[in-house]
K.L.:
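Sending over a structure as structure tokens; questions will come in a sec.
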Amino acid sequence: MDRPAAIVAIASDHAGLEMKERLREALSGWGYAVQDLGPATAEPVDYPDFAEAVASVVSGGRAALGVLVCGTGIGMSIAANKMPDVRAAVLYDDFAARHARLHNDANVAVFGARTMTADAAVARLRLFLSESFEGGRHARRVAKIGRIEKRLGPRAET
Ligand code: RB5
């Protein structure tokens, strides 16, 4: 039997709506089960509401990964990173797209619709999805991010 498709939650604000549609189609074409959390129209909305929607399903384990789009990608990433266990990264170039997964174990890919083309965003999302976390020394660093989040304070080097 085929494995169930990995769930990817996606959302944008009004500035990112068109790019979100492109990314959603690409994800479906690659075989992911896409959960589109809006918006449905280009009516102005507040990006933190949509960042929270995606970040909460990723944080709660109800989606494997998330994708967010706003004008720059910055507001969405700031907001999404407030949620426990969410590591949202703006994929501003191809190197960053690969290394957000390899080194940072990012679980939310963020794009700026006003700072890159939709073709570039689709290509970067593909790169992001094709990589896996390297672990090793990077696991220690990502664990330290978790400690900051839980306000546990510094931990001795291991
Ligand atoms: C909306 O005009 C814009 O501020 C938003 O899309 C985003 O760029 C915020 O970071």
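Along the sequence shown, residues are numbered consecutively beginning with 1. When a ligand or atom number is given, it counts from 1 through the structure's own listing order.
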K.L.:
Using modelled atom types and a 3.5 Å cut-off, is there a donor and acceptor pairing between side-chain atoms of Asn81 and backbone atoms of Ala88?
P.N.:
yes

K.L.:
Using atom types as modelled and distance alone, determine if a side-chain donor or acceptor of Arg87 lies under 3.5 Å from a backbone N or O of Asp105.
P.N.:
yes

K.L.:
Is it true that a side-chain atom of Arg101 and a backbone atom of Ala106 form a donor plus acceptor pair closer than 3.5 Å?
P.N.:
yes

K.L.:
When you check the gap from the basic side-chain N to the acidic O, do Lys20 and Asp36 get nearer than 4.0 Å?
P.N.:
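Result for this pair is yes, salt bridge flagged.
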
K.L.:
Which N or O atoms of ligand 1 sit under 3.5 Å from a protein N or O, and how far apart is each pair?
P.N.:
residue: ligand 1; atom: 2 (O); partner: Arg114; partner atom: NH1; Å: 3.3
residue: ligand 1; atom: 6 (O); partner: Asp13; partner atom: OD2; Å: 2.5
residue: ligand 1; atom: 6 (O); partner: Gly71; partner atom: N; Å: 2.7
residue: ligand 1; atom: 8 (O); partner: Gly71; partner atom: N; Å: 3.2
residue: ligand 1; atom: 8 (O); partner: Thr72; partner atom: N; Å: 3.0
residue: ligand 1; atom: 8 (O); partner: Thr72; partner atom: OG1; Å: 3.4
residue: ligand 1; atom: 10 (O); partner: Thr72; partner atom: OG1; Å: 3.4
residue: ligand 1; atom: 10 (O); partner: Gly75; partner atom: N; Å: 2.9

K.L.:
Taking the six-membered ring for Trp, are Phe95 and His99 parallel (under 30°), tilted (30 to 60°) or perpendicular (over 60°)?
P.N.:
parallel

K.L.:
Between the side chain of Ser130 and the main-chain N/O of Leu127, is any donor-acceptor distance below 3.5 Å?
P.N.:
yes

